[in-house]
Amino acid sequence: MMTGKYFFSETDIKSAWEQVLTAFWQRYPNPYSTHVLTEDVLYREVTSDNLLLSRRLFTKTNRLPRWAERVFPGNLSRSVYIIEDSVVDLGNRSLTTLTWNVNHAKLMRVVERCVFAGEQDRPLWTRLTREAWISSGVFGLSRPIQEFGLARFKSNQLKAMKGLEHALSNLQKASAACHGESAERNKNLNSASKTQKPQQYI
């Protein structure tokens, strides 16, 4: 796709695809992604073939390494704007995302592609395939910048997985609480129906 550093990983998530999809939209805020400052939906559409298309804008912190702070101007923005395009295909049980940074692109461009796919032979699991391309257009410094970008990406994607797991855990707790309340309500109704006096008819 582009020159520079390349990252690839495959992860099995022990949750059904439908749960992962719901958790994906509820990831932020979470304690593992404090670098994500804002999240806004710019566009959303359901196509004629039942695909959900979305575009979101994220604002994230952009802390430079110490050596880079000595090289680049002090007024360089400490925030980075990220565009995320996503396609949800309910028929094939897949979610595909493509993200890239809008600003600081000459300093470092990071493009990430993720595919969350439901598995037919393992309905309670989801396969996440993640790819990333890191490049820099800074003459003479592109290699260390790309090395730094790759290291930061690896760190951030681990935080992203923990954030997704956090959202999944919250969903499971909410579901368990809902089932518990429903069971208790049914129990109370059954108890009330047993203790109620039968009506007498003349």
Side-chain angles (χ1 to χ4, degrees), residues 1-13 17 20-21 23-25 27-28 30 32-44 51-69 71-73 76-89 92-119 126-165 167:
M1 186 173 184
M2 60 177 67
T3 58
K5 296 295 180 181
Y6 174 70
F7 175 87
F8 175 86
S9 71
E10 288 185 320
T11 306
D12 286 329
I13 304 171
W17 179 80
V20 173
L21 178 64
F24 175 82
W25 301 118
R27 287 176 300 167
Y28 306 117
N30 71 71
Y32 304 101
S33 298
T34 54
H35 63 292
V36 179
L37 304 178
T38 65
E39 169 190 5
D40 296 285
V41 177
L42 302 181
Y43 174 80
R44 186 157 282 165
L51 300 179
L52 175 63
L53 311 181
S54 301
R55 170 166 286 189
R56 296 193 290 176
L57 172 67
F58 296 91
T59 307
K60 301 183 181 182
T61 56
N62 183 44
R63 185 178 177 183
L64 294 173
R66 288 183 178 178
W67 61 263
E69 289 178 351
V71 175
F72 298 101
L76 188 68
S77 173
R78 292 297 184 259
S79 295
V80 60
Y81 302 108
I82 308 289
I83 290 289
E84 174 200 84
D85 284 350
S86 63
V87 180
V88 177
D89 185 342
N92 291 313
R93 299 176 75 233
S94 71
L95 163 64
T96 303
T97 67
L98 186 70
T99 61
W100 66 94
N101 57 301
V102 178
N103 58 338
H104 307 317
K106 184 177 180 181
L107 173 61
M108 183 168 60
R109 167 61 62 91
V110 180
V111 179
E112 178 189 27
R113 183 176 185 269
C114 294
V115 179
F116 299 81
E119 305 214 313
T126 301
R127 169 64 60 93
L128 166 58
T129 303
R130 189 191 304 269
E131 294 179 280
W133 297 264
I134 298 101
S135 61
S136 173
V138 179
F139 180 75
L141 289 173
S142 61
R143 182 170 292 181
I145 291 173
Q146 289 168 9
E147 291 285 356
F148 166 76
L150 180 61
R152 172 172 285 183
F153 178 84
K154 289 179 178 178
S155 172
N156 285 346
Q157 66 97 19
L158 290 175
K159 293 177 183 177
M161 278 304 304
K162 288 184 177 180
L164 182 65
E165 290 167 358

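Owing to the predicted nature of the structure, the values given are computational and were not obtained by experimental measurement.
Applying the side chain to side chain contact (heavy atoms under 4.5 Å, CB included) test between K60 and each of V80, N156, T34 identifies V80 as the sole match. Across W25, F116, F24, a single residue satisfies side chain to side chain contact (heavy atoms under 4.5 Å, CB included) together with V88, and that is W25. Each of R55, R27, R56 was evaluated against E39; a single residue qualifies, R56, per the salt bridge (Lys or Arg N to Asp or Glu O under 4.0 Å) test. When each of T11, I13, D12, V20 is tested with R127 by the rule side chain to side chain contact (heavy atoms under 4.5 Å, CB included), just one qualifies, namely D12.
From Y81, atom OH reaches atom NE2 of H104 across 8.0 Å, with rounding to the nearest 0.5 Å. For the atom pair L53 CG and D85 CG, the distance stands at 9.0 Å (nearest 0.5 Å). Note that CG of L150 and CD1 of I134 are 5.0 Å apart. Values are rounded to the nearest 0.5 Å. Considering CZ of F58 and CG of D40, their distance stands at 9.0 Å, rounded to 0.5 Å. Taken to the nearest 0.5 Å, the OG1 atom of T97 stands 8.0 Å off from the CZ atom of R130. The CG atom of L52 sits 6.5 Å away from atom OG of S86, with the distance rounded to the nearest 0.5 Å.
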For this session: Just do the side chain to side chain contact (heavy atoms under 4.5 Å, CB included) check on L57 and I83 with the steps written out, would you?
Result: CA-CA 5 Å; L57 172 67; I83 290 289; 4.0 Å; yes

Exercise. What's the verdict on side chain to side chain contact (heavy atoms under 4.5 Å, CB included) for L128 and M161, showing C-alpha distance, side-chain angles and the deciding distance?
Worked result: CA-CA 10 Å; L128 166 58; M161 278 304 304; 3.6 Å; yes

For this session: Given side chain to side chain contact (heavy atoms under 4.5 Å, CB included), test R78 with T61 step by step and report yes or no.
Result: CA-CA 6 Å; R78 292 297 184 259; T61 56; over 6 Å; no

Exercise. Going through the distances and angles, do F153 and K5 end up as a side chain to side chain contact (heavy atoms under 4.5 Å, CB included)?
Worked result: CA-CA 11 Å; F153 178 84; K5 296 295 180 181; over 6 Å; no

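Nearest heavy-atom pair across Y32 and K159 is O-CB, 3.4 Å. Taking every heavy atom of both residues into account, L98 and R113 meet most closely at CD1-CB, 4.0 Å. Contact detail for Q157 and S9: the closest heavy-atom pair is OE1-OG, 4.5 Å. Nearest heavy atoms, N101 versus V110: OD1-N, 2.8 Å.
The backbone N or O of S79 lies less than 3.5 Å from a partner atom in the side chain of N103, making a donor-acceptor pair. N30 places no side-chain N or O within donor-acceptor distance of the main-chain N or O of A167, the cut-off being under 3.5 Å. The backbone N or O of S94 lies less than 3.5 Å from no partner atom in the side chain of D89, so there is not a single donor-acceptor pair. Here the side chain of T126 pairs no donor or acceptor atom with the backbone of G118 at under 3.5 angstrom.
In this structure, R44 places its CZ atom where more than 12 heavy-atom neighbours from other residues, nucleotides or ligands lie under 6.0 Å away.
The aromatic rings of Y6 and W133 sit tilted, their planes meeting at an angle between 30° and 60°.
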